[in-house]
Protein chains: 2
Amino acid sequence: MSNKATVGGADNPTTVGGADNPTTEVRAAIVVTGTELLSGRITDCNGPWLARRLGELGVEVAHLMCVGDRPADLAAALRFLASQGVDLVVTSGGLGPTADDLTAEVLARFAGVELELDEAMEQQIAAILARYGHLAPMDPKTLRVANRKQAMVPCGAEPLDPVGTAPGLVVPVVGGPTVIALPGPPHELQAMWPAALATSGAAAVLAPVQPFASARLRLFGLPESEIAATLREVSATLDLAPLEITTCLRGAELEIDIRHRPGAEAICAALIDQLRARHSRYLFSTDGSSLDDQLAGLLTGRRIGLGESCTGGLLAARLTERPGSSAYVAGGVVAYSNAAKTELLGVPAELIEQHGAVSPEVAAAMADGARKRFGADIGCGITGVAGPGGGTEAKPVGYVCLCVTTNDGAALARDPVLPGTRAEIRDRSVTVAMHLLRRVLRAAEAEAAQATGA
Amino acid sequence: MSNKATVGGADNPTTVGGADNPTTEVRAAIVVTGTELLSGRITDCNGPWLARRLGELGVEVAHLMCVGDRPADLAAALRFLASQGVDLVVTSGGLGPTADDLTAEVLARFAGVELELDEAMEQQIAAILARYGHLAPMDPKTLRVANRKQAMVPCGAEPLDPVGTAPGLVVPVVGGPTVIALPGPPHELQAMWPAALATSGAAAVLAPVQPFASARLRLFGLPESEIAATLREVSATLDLAPLEITTCLRGAELEIDIRHRPGAEAICAALIDQLRARHSRYLFSTDGSSLDDQLAGLLTGRRIGLGESCTGGLLAARLTERPGSSAYVAGGVVAYSNAAKTELLGVPAELIEQHGAVSPEVAAAMADGARKRFGADIGCGITGVAGPGGGTEAKPVGYVCLCVTTNDGAALARDPVLPGTRAEIRDRSVTVAMHLLRRVLRAAEAEAAQATGA
């Protein structure tokens with residue numbers, strides 16, 4: 001195990017362990033085409049999506065390349081990947097009807113075969129384009145040329161039915177990698193993926209693959225260095241080599257992904273037990289559920305009212321992201337001004353004067369006010385200094401007061417100094433608030449369960 | 001010009017025109033290292049960032065590659081790029097202190113030189129690590145080894161001072177590309193970039209580069225196909241070949257980027273004039289300013305109150321993203337329930353009963369209510385069916401009623417049916433609301449200017 005886990009951080013996730021690739025491993029590469037990706041204006045999402053799908057299948061992704069729309073660049077990339085001994089290449093893009101969509105041609109040359117017309121495909125594409133015709137009128141001749149171009153399939157390849165207008169291809173290459181060519185628009189690529197896997201070409205490459213099993217743990221409030229230390233300690237008595245462990249900071253939360261091949265189930269379970277034993281206070285999810293999932297469940301049958309200042313509506317927006325949230329989100333007030341805090345949330349003006357708008361006292365009054373104002377069971381108040389200006393020595397930028405109160409008299413408050421930019425401070429405030437809500441609601445559930453049991 | 005501009009869309013921006021690369025062009029490649037990038041869990045942001053910076057300099061990015069932390073993979077990528085004749089390679093990652101940080105070693109081998117200890121660098125790193133020591137305690141021997149490792153520099157390379165803990169490198173390669181090696185954490189990479197460009201190695205490669213000039217136009221409410229048609233028409237009388245034109249849908253807005261080498265200024269200006277003449281109704285920015293920038297300017301000296309239902313606080317959150325927004329955002333109410341609409345925003349219960357909670361009438365009453373409630377000059381109300389459930393034939397999912405009203409009696413309302421998922425409908429509603437606000441505020445400014453002039 002490397003000691004890389006001592007570095008890392010939000011933008012720099014760290015992976016430790018993981019058995020070295022046995023020679024039976026199936027290695028894949030992803031080639032994303034599109035000149036716009038090389039300008040940096042667009043961030044590719046097909047590459048990461050395909051990497052996740054291949055990873056889930058148990059395939060190791062060895063290379064991810066973006067190339068422009070020049071056929072020579074794609075051909076060079078394919079030759080390079082063949083020289084690296086990869087078994088499977090998945091490409092995205094370049095399958096459209098226009099002159100610069102050249103993936104099929106490049107693939108035929110790479111496989112050393114001719115392109116041939118697939119007449120059934122030609123008819124299918126014509127039918128699809130007829131449906132789309134009103135959106136982008138084309139003259140009939142251009143249309144016929146475009147149809148035919150997209151129906152040209154490398155000899156021996158398996159065509160994939162279009163999801164949008166472009167077909168896909170699975171191309172076997174003698175002495176080289178099998179190539180799955182998918183269209184560039186993400187929704188078409190994603191929808192076509194199952195059909196690509198179902199082809200005999202893909203099935204043959206993927207036959208020897210042993211799938212990964214994986215688990216995801218989520219923790220809140222624990223520094224990443226603590227997990228690194230725990231992993232070092234645990235590894236003294238437990239051989240973690242069969243596990244690939246990735247830790248990743250996401251805002252104020254820490255995710256731990258554990259992946260392994262069949263056979264390492266007991267080691268994985270033992271590690272999770274150790275993490276649970278050492279960090280139960282911070283560990284809030286071992287079943288993959290997110291904070292949002294859990295909170296939606298806990299709020300069911302209740303109603304919440306929100307009073308937000310520095311987060312400016314972000315907590316309300318996050319809670320209402322979910323369909324059906326209207327059942328438990330009664331409403332919220334974005335009380336940016338002191339007048340709004342007083343008039344809409346009933347925060348006494350004297351309280352603001354005495355303690356300042358950013359104070360635990362005002363956060364509590366905002367929580368109470370929001371709860372009462374919306375006739376809710378639980379209320380949450382947030383007031384803080386999001387920056388970049390407005391900080392003082394006593395209340396620096398990042399100082400945020402949060403409070404959750406309930407009709408039953410429960411209350412939970414925090415006033416941390418959160419790190420980061422204005423946007424990060426606002427986002428983290430929302431996460432902290434949601435964890436406070438979760439804790440209060442779980443305590444209420446536990447109490448109710450106890451009362452029922454007694 | 002290809003006719004690719006007829007396809008495209010949100011996830012699939014289209015680029016047309018752009019002179020083919022003359023042979024004097026400086027071509028670059030980006031190699032991002034990190035096994036975690038190949039798992040798809042993390043989306044690389046260094047590659048796009050570097051691509052944008054290189055593009056701004058006028059350098060063409062020919063390849064963008066992600067490779068794992070295996071030295072053989074990085075070495076193979078470098079050899080491939082050398083074979084493709086690129087002049088400059090920028091790498092990120094692999095410069096840390098641990099055993100699997102092997103970029104410097106791989107680069108020395110690629111350049112055919114030895115690693116040598118840079119003693120000044122060793123002392124500098126030691127001083128930095130001493131400062132960080134309390135965060136991740138290491139035993140002194142491990143620390144010394146780590147220091148020394150990071151201070152090993154390929155012979156002839158120019159080291160770059162660490163921003164975090166890792167130094168960077170600019171490595172000249174005889175008969176091959178110059179390599180700029182930067183650390184993986186994005187804030188370190190970005191902070192080190194100016195120093196990398198200032199090295200004599202980078203300056204020598206970049207000397208022949210002619211910078212691009214660029215313009216960005218933003219339109220709202222115009223279908224992308226209209227722009228494609230306009231470009232086809234304009235190209236009949238104006239040779240657009242020296243321009244590289246990229247159109248990209250971002251939510252409900254359309255961005256047009258025009259890039260060119262020195263000498264094509266007049267063609268660029270003529271194209272912008274043509275676009276302005278044909279689409280003035282939709283064109284809202286030619287100077288690069290965003291909707292948010294413009295609205296912040298228009299709201300200065302005024303106060304706004306918000307009443308949101310389906311957007312759940314997103315409009316308030318967006319307006320308060322900007323530092324200093326407390327000067328003009330008086331506040332907002334997230335009135336998810338009918339009771340909240342009535343009690344907090346003063347929407348008459350009869351109005352809701354008569355027209356439904358999602359109706360132009362209720363949106364107008366919410367705008368008025370928010371304005372009055374917060375003592376503001378301008379109010380905005382949004383109520384709609386964000387879905388996925390809750391749609392009817394008369395009021396389908398995506399039906400959103402928006403209204404802006406002012407104390408001067410101005411009002412502007414829309415009730416579009418917006419496409420997309422729940423998240424997209426909510427985001428687009430916010431964009432539409434902001435455009436309505438912009439239009440009302442500009443009309444008010446024009447009136448005020450006229451009054452002053454008269």
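Computed over heavy atoms, backbone and side chain alike; hydrogens, waters and symmetry mates excluded. All values derive from a computational prediction rather than experimental measurement.
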Can you find a pair of side-chain heavy atoms, one from [X] and one from [Y], that are under 4.5 Å apart?
{"X": "Thr43(B)", "Y": "Thr43(A)", "value": "yes"}
{"X": "Val334(A)", "Y": "Val333(B)", "value": "no"}
{"X": "Phe80(B)", "Y": "Met65(A)", "value": "yes"}

Select, from [options], the one with the greatest count of heavy-atom pairs under 4.5 Å involving chain A.
{"options": "Gly68(B), Ser326(B), Ala330(B)", "value": "Ala330(B)"}
{"options": "Ser83(B), Ala62(B), Cys66(B)", "value": "Cys66(B)"}
{"options": "Gly331(B), Ala317(B), Gly390(B), Gly313(B)", "value": "Ala317(B)"}
{"options": "Leu306(B), Asp73(B), Leu54(B), Val67(B)", "value": "Asp73(B)"}
{"options": "Gly55(B), Gly305(B), Ser337(B), Ala29(B)", "value": "Ser337(B)"}
{"options": "Arg259(B), Arg322(B), Glu308(B)", "value": "Arg322(B)"}

Under a 3.5 Å distance rule, please check whether Arg426(B) uses its side chain to pair with a backbone N or O of Thr320(A) as donor and acceptor. yes

Has Arg422(A) got a side-chain atom pairing as donor or acceptor with Glu321(B)'s backbone, closer than 3.5 angstrom? yes

Picking from [options], which has the most non-hydrogen pairs under 4.5 angstrom with chain B?
{"options": "Leu314(A), Leu50(A), Ile30(A), Asp257(A)", "answer": "Asp257(A)"}
{"options": "Ala51(A), Ala335(A), Gly332(A)", "answer": "Gly332(A)"}
{"options": "Pro323(A), Pro388(A), Gly93(A)", "answer": "Pro323(A)"}

Ignoring hydrogens, what is the shortest heavy-atom contact between Leu64(B) and Leu37(A)? Give both atom names and the distance. CD2-O, 4.4 Å

Looking only at heavy atoms, what is the nearest atom pair of Val329(A) and Tyr336(B), with distance? O-CB, 3.5 Å

Glu343(A) versus chain B, the contacting section by heavy-atom distance below 4.5 Å: both

Residue Asn46(A) versus chain B: region with a heavy atom under 4.5 Å: neither

Name the region of Ser309(B), side chain, backbone, both or neither, that has any atom closer than 4.5 Å to a heavy atom of chain A. neither

By a 4.5 Å heavy-atom criterion (distance strictly below it), what part of Ala76(B) contacts chain A: side chain, backbone, both, or neither? both

Go through the structure and list residues passing salt bridge (Lys or Arg N to Asp or Glu O under 4.0 Å) with Arg53(B), not counting sequence neighbours. Glu56(B)

